[in-house]
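Here the structure comes first, spelled out in structure tokens, and everything after it is commentary.
No hydrogens, no waters, no symmetry mates; every other heavy atom, side chains included, goes into these values.
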Amino acid sequence: MSCLLKDIRAMNAPNSKLLSKNNAIIPFDDVSSLEFLATKNDCTLFAMGSHNKKRPNNLIVGRTFDQQMLDMVELEISHFKSLKEYAGAPKKRIGSKPMMLFLGDTWHLDETYSKLQNLMIDFFRGQPMSKIALSGIDHIITFAATELGIVHMRTYYVKLKKNPSGGKDPLPHLTPCGPDMDMKLRRTQFAAAELWKAAMKQPKQNKVKKQKNQSTNVFGEKIGKLHLEKQNLDHIRGKRSKALRVASKLEAEEERATLDDDLKHEKEELNMEFQQTHGFAASS
């Protein structure tokens, strides 16, 4: 069981810690020791291995909430293949997040196995992230549940290769890399409804309020949108530059000179008509 715990620690590195000291802990009878160790080491997820005549090859996986036990399951390990037995196989990078695949109808038909699925996802997923790079996916963990109640856990190294058919998405090639184990449920202790509701409650700081008419561009700059009434641009008088003022002044002088010429020409025509009619010129 110590080898199994070392492999679990390696899978969750660097966000895990291995305690090698032997302690006489019976979690299903008294959880105070586990709660103390979890609080002392600042961890909410734990795995504990034990081996005795009554329950050989025993693995207990659980989690805490608010320094008290939330839920835990006891598993019988009937088969185990460690990382050492895959000496020549490629290994996952430290800190990389796994893909997890749950095979079988038992996971959504049986409530106990649904809670076990939730616990396994929480145990192996690592730190939550909103985005992940495709090149950062390098291993997958599969959990196949059978009708006999045995869960086959297998770990594969994922290598993305170019799609031979010419598609943009690469094709994954799987290589067994360990650790592998077969486990069977023994005992369970799940949280009460009130405690589970409190553990699932999200703080108000994590709830992002949707802000209207605001968006963020690719540079992280906040862009706002303003809604105004329709403006009549025909009656808006903006500030004109000096060049425009000089041009308008010259245009006004040219119009005035043209008007004066037209008036003078019209006056001369009237004088000529008056002289032809009356025989003498009109005095101005």
Looking at Cys177 and Pro90, what are the two nearest heavy atoms and their distance?
CB-O, 3.3 Å

Tell me whether Asp30 contacts the main-chain N or O of Ser32 through its side chain, where contact means a donor paired with an acceptor under 3.5 Å.
yes

Do other residues, nucleotides or ligands put more than 12 heavy atoms under 6.0 Å from Lys6 NZ?
no

For residues 139-153, which residue pairs pass the side chain to side chain donor-acceptor pair (under 3.5 Å) check, not counting sequence neighbours?
His152-Asp182

Minimum heavy-atom separation for Arg154 to His79, with atom names?
NH2-CD2, 4.2 Å

Once rounded to the nearest 0.5 Å, what's the spacing between atom CG of Leu19 and atom CG of Leu5?
9.5 Å

So, Tyr113 side chain and Gly149 main chain: donor-acceptor pair closer than 3.5 Å or not?
yes

Measure the CD1-CZ distance between Ile8 and Phe123 for me, rounded to the nearest 0.5 Å.
5.0 Å

Met1 vs Leu59, test: side chain to side chain contact (heavy atoms under 4.5 Å, CB included). Steps then yes/no.
CA-CA 8 Å; Met1 297 304 296; Leu59 178 67; 4.0 Å; yes

dist His51:NE2 -> Asn57:CG (nearest 0.5 Å) comes out at 5.5 Å

Set of side chain to side chain contact (heavy atoms under 4.5 Å, CB included) partners for Glu74, sequence neighbours left out
Phe28, Arg55, Asn58, Ile60, Arg186, Arg187

Any side-chain heavy-atom pair of Leu195 and Phe65 under 4.5 Å:
yes

Any sub-3.5 Å donor-acceptor pair from Asp110's side-chain atoms to Thr106's backbone N or O?
no

Output, in order, the C-alpha distance, side-chain angles, deciding distance and verdict of side chain to side chain contact (heavy atoms under 4.5 Å, CB included) for Leu226 and Asn213.
CA-CA 7 Å; Leu226 300 178; Asn213 305 321; over 6 Å; no

How close do Pro176 and Tyr86 get, heavy atom to heavy atom, and via which atoms?
O-CD2, 3.5 Å

With side chains defined as the heavy atoms from C-beta onward, is the minimum distance between Met100 and Met120 less than 4.5 Å?
no

Closest non-hydrogen atom pair between Met69 and Glu35, with its separation
N-OE2, 2.8 Å

Taking C-beta and beyond as the side chain, do Val151 and Trp107 meet within less than 4.5 Å on heavy atoms?
yes

Spell out, as yes or no, whether a donor-acceptor pair under 3.5 Å connects the side chain of Lys97 to the backbone of Gln127.
yes

Asp42 CG: over 12 foreign heavy atoms closer than 6.0 Å
no

Considering only heavy atoms from C-beta outward, does the side chain of Lys131 approach that of Met129 to under 4.5 Å?
no

Inter-residue atom distance Ser2.OG - Leu18.CG, 0.5 Å rounding:
9.0 Å

Greater than 12 external heavy atoms within 6.0 Å of Asn22's CG
no

Given the rule that I, L, V, M, F, W and Y join up when any side-chain heavy atoms are under 4.5 Å apart, are Leu160 and Tyr156 in one cluster?
yes

Taking C-beta and beyond as the side chain, do His108 and Phe102 meet within less than 4.5 Å on heavy atoms?
no

Enter the distance from Lys17:NZ to Cys43:SG here, rounded to the nearest 0.5 Å.
8.5 Å

Hey, is CD1 on Ile94 packed in by over 12 heavy atoms from elsewhere, all under 6.0 Å?
no

Using a 4.5 Å cut-off on heavy atoms from C-beta on, say whether the side chain of Gln117 contacts that of Phe143.
no

Treat each ILVMFWY residue as a node, draw an edge where side-chain heavy atoms are under 4.5 Å apart, and state whether Val31 and Leu45 are in one component.
no

When you compare the side chain of Asp180 with that of Phe80, does any pair of heavy atoms fall below 4.5 Å?
no

Hydrophobic cluster membership, with links at side-chain heavy-atom distances under 4.5 Å among I/L/V/M/F/W/Y: are Ile77 and Met11 in one?
yes

Any donor-acceptor pair under 3.5 Å from Asn163 side chain to Ser165 backbone:
yes

Heavy atoms of other groups near Asp169 CG, more than 12 under 6.0 Å
no

N/O donor-acceptor pair under 3.5 Å between Thr155 side chain and Pro179 backbone:
yes

Counting N and O atoms only, with roles assigned by atom type, does the side chain of Asn217 sit under 3.5 Å from a partner on the main chain of Ser215, one being a donor and the other an acceptor?
no

Looking at Leu101, I'd like to know if its CG atom is crowded, meaning that more than 12 non-hydrogen atoms belonging to other residues, nucleotides or ligands lie closer than 6.0 Å.
yes

Could you please spell out the steps behind the side chain to side chain contact (heavy atoms under 4.5 Å, CB included) verdict for Lys267 and Asn271?
CA-CA 6 Å; Lys267 185 177 181 180; Asn271 287 335; 4.1 Å; yes

Minimum heavy-atom separation for Ile141 and Pro98, please, with both atom names.
CD1-CB, 4.1 Å

Check the surroundings of atom CD in Gln214: do more than 12 heavy atoms from other residues, nucleotides or ligands lie under 6.0 Å from it?
yes

Are any non-hydrogen side-chain atoms of Leu70 and Phe190 less than 4.5 angstrom apart?
no

Distance-only polar pair, side chains of Asn118 and Arg63, donor-acceptor under 3.5 Å:
yes

Walk me through whether Met200 and Lys197 qualify under side chain to side chain contact (heavy atoms under 4.5 Å, CB included).
CA-CA 5 Å; Met200 295 296 292; Lys197 184 178 179 180; 6.0 Å; no

Indicate if Leu171 and Val158 have the same hydrophobic cluster label, given that clusters are the connected sets of ILVMFWY residues with side-chain heavy-atom separations under 4.5 angstrom.
no

With Lys91 as the cation and Tyr157 as the aromatic partner, state whether NZ or CZ is under 6.0 Å from the six-membered ring centre and within 45° of the axis.
no

Quick check: closest heavy atoms across Ala191 and Asp71, and the distance to 0.1 Å?
N-CB, 3.9 Å

In the single-linkage hydrophobic clustering (I, L, V, M, F, W, Y; side-chain heavy atoms under 4.5 Å), do Val73 and Leu37 co-cluster?
no

Rounded distance [0.5 Å steps], CG in Leu174 versus CD1 in Ile140:
6.5 Å

